[in-house]
Amino acid sequence: MDSKTIVMSPRNEGVAVPKVSLGIQSDSAFSEAAKRLKGRDLCSIADLTVEEMAAIMELAHAVKNHPEDFKTALDGKQMVMFFEKASLRTRLTFEAAINTMGGNAIFVDQTQSPLGERESLADMAHNLERWMSVIVLRTYSHDTITEMAASAKVPVVNALSDYEHPCQAIADFLTLEEKFSTCEGLKFTYVGDGNNVCHSLMLAAAQLGAHCTIATPKNYGPKLDVIHKAIEIAEQTGGSITLTQDPIKAVTGADAIYTDVCTSMGFEHEATKRAPIFKPYQVNDELMSHANDQAVFMHCLPAHRNAEVTDAVLDGPQSIVFDQAENRMHAQKAILLMLLGGAKRIPKAKKRFV
């Protein structure tokens, strides 16, 4: 196995890049971020500024700890979900999120008929914007999401595409903030396929000032444009991005180790080919032993048990996978509140880390 490691240094080497302040510093800063996000789309973590990401994170903590303050925040709002891929967590957490804030969810199963096949995406968008407050899409092609967003006058949310999974990443770093109080300076390691989840995690880690290491087999790394964007963001926040093909080096000293399935939906035909390539990247007790003593294990689920992760790790004391799953609902509440204009800062919950 090639053990090549690349520490991604700033592209503007030698040029001072002012570091932005992490977190929300005032009520007015929160309000300004909320105003900018109202009516916007969330297709990618890269759509957000560092301050907007911080505002969403703060709001996610608030809605989790003070749900009573948001019970009617989305009264009368209608959310439609079009899913080309099967779902457990994404569907139920989005439905629960809007239902418990006074809104309503409508689900449309597109698993047998890809979006844009029966009717153009633009025509769909122009219909939906007259009935719905927000459109949530779970698709194979990221272009489906960006085309719908370009056509619709209401917010469009990426609930998973072949390029990114932003809602998952926001929930994951919400979970890490609960465990470590802050993600600034956190040593976060992802081991496995450089897929859509990996892309969003890299970008979110950079937004929050974490030190992110990605360990993938040769030819299975994240896309170059995502790497470059993550570096650009990390330059502002004091975070870093490191790429390696050595899983042991990647996890050594890590605070959090994350993995995903080696064969994502849509790539099932590659499963036999991928199995031996990804075997050295399995997260097991031996690999976890190289991390910090208090390190946590993470997975977006569903997991292929004893493939990318062993039962011993997935069910072990370091695993926080079900905390992540729970936090999908709270993160998505915050996203919906921001995009639909229901966001507010709770005085009793002003501290970001609770």
Chi angles and distances behind the side-chain hydrogen bond (donor to acceptor under 3.5 Å, both in side chains) call for Gln78, Ser133: CA-CA 5 Å; Gln78 298 289 328; Ser133 310; over 6 Å; no
Ile214/Thr242 under side chain to side chain contact (heavy atoms under 4.5 Å, CB included): CA gap, chis, key distance, verdict: CA-CA 6 Å; Ile214 306 295; Thr242 301; over 6 Å; no
Candidate pair Lys273 and Glu270, rule salt bridge (Lys or Arg N to Asp or Glu O under 4.0 Å), full reasoning: CA-CA 5 Å; Lys273 172 189 172 183; Glu270 296 184 9; 5.4 Å; no
Audit row: Asn284, Val309, side chain to side chain contact (heavy atoms under 4.5 Å, CB included) steps and yes/no: CA-CA 6 Å; Asn284 48 38; Val309 58; over 6 Å; no
Salt bridge (Lys or Arg N to Asp or Glu O under 4.0 Å) between Arg305 and Asp311, intermediate numbers included: CA-CA 6 Å; Arg305 287 174 173 268; Asp311 283 345; 2.9 Å; yes
Residue pair Asp109, Arg91: steps toward the salt bridge (Lys or Arg N to Asp or Glu O under 4.0 Å) verdict: CA-CA 11 Å; Asp109 185 349; Arg91 176 181 176 179; over 6 Å; no
Steps toward side chain to side chain contact (heavy atoms under 4.5 Å, CB included) verdict (Phe82, Met124): CA-CA 11 Å; Phe82 290 90; Met124 285 186 65; 3.8 Å; yes
Asp143 and Glu147: CA distance, side-chain angles, deciding distance, side chain to side chain contact (heavy atoms under 4.5 Å, CB included) verdict: CA-CA 6 Å; Asp143 289 344; Glu147 186 177 341; 5.8 Å; no
Salt bridge (Lys or Arg N to Asp or Glu O under 4.0 Å) between Arg138 and Glu84, intermediate numbers included: CA-CA 6 Å; Arg138 182 176 171 91; Glu84 294 179 349; over 6 Å; no
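Here the CE atom belonging to Met329 is positioned 12.5 Å from the CD atom belonging to Glu95, to the nearest 0.5 angstrom. The CG atom of Leu337 sits 12.5 Å away from the NZ atom of Lys38 when rounded to the nearest 0.5 Å. To the nearest 0.5 Å, atom CD1 of residue Ile24 and atom CD of residue Glu52 are 9.0 Å apart.
In this structure, the ring of Phe188 has its center less than 6.0 angstrom from the ring center of Phe173.
With salt bridges taken as basic N to acidic carboxylate O contacts below 4.0 Å, one links Glu232 and Lys229. Using a cutoff of 4.0 Å between basic side-chain nitrogens and carboxylate oxygens, Lys71 and Glu68 are not scored as salt-bridged. The pair Arg345-Asp27 meets the salt-bridge criterion, since a charged nitrogen lies less than 4.0 angstrom from a carboxylate oxygen.
Ring pair Phe83/Phe107 is perpendicular by interplanar angle, where above 60° counts as perpendicular and below 30° as parallel. In this structure, His142 and Tyr163 have tilted ring planes: the angle between them lies in the 30° to 60° band.
The minimum heavy-atom distance between Ala331 and Ala60, with the atom names listed, is CA-CB, 4.2 Å. Across all their heavy atoms, Ala46 and Leu203 have their closest contact at N-CD1, 4.1 Å. Annotation for Cys43 and Asn158: closest pair O-ND2, 2.9 Å, computed over non-hydrogen atoms. Across all their heavy atoms, Asn104 and Asn99 have their closest contact at CA-OD1, 3.8 Å. Of all non-hydrogen atoms in Thr263 and Ala271, the two that sit nearest each other are OG1-CA, 3.6 Å. The two residues Cys300 and Tyr258 have their closest heavy-atom pair at CB-OH, 3.2 Å.
In this structure, Leu201 is not a member of the same hydrophobic cluster as Leu160, with clusters built from ILVMFWY side-chain heavy atoms closer than 4.5 Å.
Counting only N and O atoms by type, the side chains of His211 and Ser240 include a donor and acceptor under 3.5 Å apart. With 3.5 Å as the limit, one finds no donor-acceptor pair spanning the side chains of Thr139 and Ser141.
Using modelled atom types, no side-chain atom of Ser200 and backbone atom of Glu164 make a donor-acceptor pair closer than 3.5 Å. In this structure, Glu129 contributes its side chain and Val154 its backbone to no donor-acceptor pair below 3.5 Å. Within the 3.5 Å criterion, the main-chain N or O of Val197 finds a donor-acceptor partner in the side chain of Asn195. Using a distance-only test at 3.5 Å, with no hydrogens or angles considered, no donor-acceptor pair links the side chain of Thr310 to the main chain of Asn306. Proximity of a side-chain donor or acceptor of Gln245 to a complementary backbone N or O of Ala215 within less than 3.5 Å is not detected. Judged by distance alone, with hydrogens and angles left aside, the side-chain atoms of Gln324 form no donor-acceptor pair with the main-chain N or O of Thr175 at under 3.5 Å. Between the side chain of Thr100 and the backbone N or O of Ala97, at least one donor-acceptor pair lies under 3.5 Å. Ser319 places a side-chain N or O within donor-acceptor distance of the main-chain N or O of Leu314, the cut-off being under 3.5 Å. Between the side chain of Gln110 and the main chain of Ser113, a donor-acceptor pair closer than 3.5 Å is present. In this structure, the side chain of Glu308 does not engage the main chain of Gln282 through any donor-acceptor pair within 3.5 Å.
Residues Asp255 and Gln294 have side chains not in contact (no heavy-atom distance under 4.5 Å, counting atoms from C-beta outward). Taking 4.5 Å as the limit, every side-chain heavy atom of Tyr190 sits out of range of all side-chain heavy atoms of Met298. In this structure the side chain of Asp323 reaches within 4.5 angstrom of the side chain of Lys179, judged on heavy atoms. Contact annotation: the side chain of Ile56 approaches that of Leu37 to within less than 4.5 Å [non-hydrogen atoms, C-beta and beyond].
The cationic atom of Lys344 (NZ for Lys, CZ for Arg) lies less than 6.0 Å from the six-membered ring centre of Phe70 and within 45° of the ring axis.
The residue from His61, Gln168, Glu178 that alone fulfils the side-chain hydrogen bond (donor to acceptor under 3.5 Å, both in side chains) condition with Asn327 is Glu178. Val251 pairs with exactly one of Asn292, Val283, Leu287 by the side-chain contact (heavy atoms from CB on, under 4.5 Å) rule, that one being Leu287.
Environment of NZ in Lys64: crowded, with over 12 heavy atoms of neighbouring residues, nucleotides or ligands closer than 6.0 Å.
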